2 protein chains.
Amino acid sequence: MGVTKTIYYTSEQNELAAIAKALAHPARIAIIDYLLKVNKCICKDIVNELSLAQPTISQHLKELKSVGLIQGSIEGTAICYCINHKTVGLLQAYILKIATQLKCEDTNCC
Amino acid sequence: MGVTKTIYYTSEQNELAAIAKALAHPARIAIIDYLLKVNKCICKDIVNELSLAQPTISQHLKELKSVGLIQGSIEGTAICYCINHKTVGLLQAYILKIATQLKCEDTNCC
DNA sequence: TATATTTATCGTAATATTGCAATATAATTA
DNA sequence: TAATTATATTGCAATATTACGATAAATATA
């Protein structure tokens with residue numbers, strides 16, 4: 001008990017849930033927002049921007065990276081992070097699918 | 001420790017994280033997928049569709065409802081659920097904002 | 001009114017998440 | 001090579017999530 005039964009769902013459902021989970025924290029939304037603003041930055045910049053300790057930011061970046069929402073490349077002692085448009089596109093396609101398939105335009109459809 | 005510091009983020013960031021959190025489970029994605037297919041249904045239908053107990057489905061529906069992704073109305077002894085297009089629109093707008101603001105089209109931007 | 005039907009709530013066990021201090025790692029610079 | 005800089009990892013405490021049996025609540029039906 002307490003364990004998500006991933007085997008019961010499709011791989012697409014599991015993947016989308018994983019991407020949503022990566023965005024399911026205001027700090028990680030704030031990181032995405034900041035990356036959108038500055039295009040690319042290093043971990044230290046985010047530590048300066050948000051009110052969280054360096055290990056906490058590092059952990060959040062790891063989670064965003066693990067689902068492919070961001071990517072990082074080594075630049076000297078630092079690591080440069082940016083948003084991965086491919087994963088954003090995947091998410092966008094799903095939300096668009098929901099929006100277009102919605103037959104009920106009423107606020108009270110049932 | 002262990003508590004999300006919501007005060008440090010904007011209300012928009014907190015709201016988006018809450019909507020993402022509601023989608024951060026394959027069972028809830030599966031519920032949305034099912035609702036998309038059948039347009040509207042009752043809790044019992046989802047219990048028959050997914051491999052989860054009734055209290056578990058009820059809990060998942062509660063979470064989707066709490067962020068406004070779905071809505072329910074009483075129909076006799078049952079409750080009819082459907083997707084709320086307003087909240088979907090809110091999410092769509094955010095993803096679209098990310099997609100359009102993305103300056104880096106390369107797979108390796110940094 | 002008793003029974004059936006449908007959903008919600010409560011309580012609880014197992015597991016996951018969050019945040020950070022301490023520390024490790026890895027590349028650069030003096 | 002020693003010190004510096006930037007990030008990752010480890011370990012831990014506090015809290016949250018997930019799942020379900022038992023049960024409550026609310027409406028419909030016989």
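Chain A is the first sequence line, chain B the second, and so forth, proteins listed ahead of strands; every chain is numbered from 1. Because the structure is predicted, anything quoted here is derived from the model rather than measured. Only this structure's heavy atoms are used, side chains among them; waters, hydrogens and symmetry mates stay out.
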- Item | Value in whole Å for how far the C1' atom of D:dA8 lies from CD1 of A:Ile46 | 14 Å
- Message: For nucleotides 22-30 of chain D, give me one character per nucleotide, 5' to 3': B if any protein heavy atom sits under 4.0 Å from the base, S if the only such contacts are to the sugar-phosphate, - if neither.
- Response: B----BS--
- Note on the structure: Only one of B:Asn84, B:Ile70, B:Ile83 passes side-chain contact (heavy atoms from CB on, under 4.5 Å) with B:Leu64, and that residue is B:Ile70
- Note on the structure: Per atom distances to the A:Lys21 side chain, the nearest of C:dT7, C:dA16, D:dA19 is C:dA16
- Task: Answer yes or no: does a side-chain N or O of B:Lys62 lie under 4.0 Å from OP1 or OP2 of C:dT9?
- Result: yes
- Message: The side chain of A:Thr56 is closest to which nucleotide in this list: C:dT7, D:dA19, C:dG19?
- Response: C:dG19
- Query: Does a nitrogen or oxygen in the side chain of B:His60 sit under 4.0 Å from OP1 or OP2 of D:dA19?
  - Reply: yes
- Tell me whether A:Leu36 is reachable from B:Leu96 by hopping between hydrophobic residues (I, L, V, M, F, W, Y) whose side-chain heavy atoms are closer than 4.5 Å. no
- Message: Taking the minimum atom-to-atom distance to the side chain of A:His25, which one of C:dA8, D:dA19, C:dG19 wins?
- Response: C:dG19
- Message: Distance check needed: D:dT7 C1' versus A:Asn48 CG, whole Å only.
- Response: 14 Å
- Query: So what does B:Lys65 hit on the nucleic acid, given a heavy-atom distance under 4.0 Å: a base, only sugar-phosphate, or nothing?
  - Reply: nothing
- Query: Which nucleotide, D:dA19, C:dT18, C:dT17, lies nearest any side-chain atom of A:Gln59?
  - Reply: C:dT18
- Under 4.0 Å between any heavy atoms, over every strand shown, what does B:Ile42 touch: base, sugar-phosphate, or nothing? Just pick one. sugar-phosphate
- Following the transitive rule for hydrophobic clusters with a side-chain heavy-atom cut-off under 4.5 Å over Ile, Leu, Val, Met, Phe, Trp and Tyr, establish whether B:Ile42 and B:Ile74 coincide in one cluster. no
- Query: Over how many whole Å does the gap from B:Lys44 atom NZ to C:dA8 atom P extend?
  - Reply: 15 Å
- Query: Where does the angle between the aromatic ring planes of A:Tyr9 and B:His25 fall among parallel (under 30°), tilted (30 to 60°) and perpendicular (over 60°)?
  - Reply: perpendicular
- Item | Side-chain N,O (B:Tyr81) to OP1/OP2 (C:dT6) below 4.0 Å | no
- Message: From C-beta outward on B:Ser58, which listed nucleotide comes closest to its side chain: D:dA16, C:dA8, C:dT6?
- Response: C:dA8
- Message: Expressed as a whole number of angstroms, how long is the span from B:Leu61:CG to D:dT18:C1'?
- Response: 15 Å
- Message: Can a donor-acceptor pair be found, under 3.5 Å and without considering hydrogens, that links the side chain of B:Thr87 to the backbone of B:Gly68?
- Response: yes
- What integer distance in Å separates B:Ile31:CD1 from C:dT7:P? 12 Å
- Task: Check every atom of C:dG19, C:dA8, D:dA6 against the side chain of A:Ala78 and return the nucleotide holding the closest atom.
- Result: D:dA6
- Using atom types as modelled and distance alone, determine if a side-chain donor or acceptor of B:Gln13 lies under 3.5 Å from a backbone N or O of B:Thr10. yes
- Item | Between C:dA21 (P) and A:Ile57 (CD1): distance, integer Å | 13 Å
- Item | Length of the line joining A:Asp45:CG and D:dT5:P, which is rounded to integer Å | 15 Å
- Item | Any donor-acceptor pair under 3.5 Å from A:Ser66 side chain to A:Glu63 backbone | yes
- Message: Given 3.5 Å as the limit, does a donor-acceptor pair link the side chain of A:Asn48 with the main chain of A:Asp45, or not?
- Response: no
- Query: Could you give the CG-to-C1' distance, from A:Leu52 to C:dA21, as a whole number of Å?
  - Reply: 15 Å
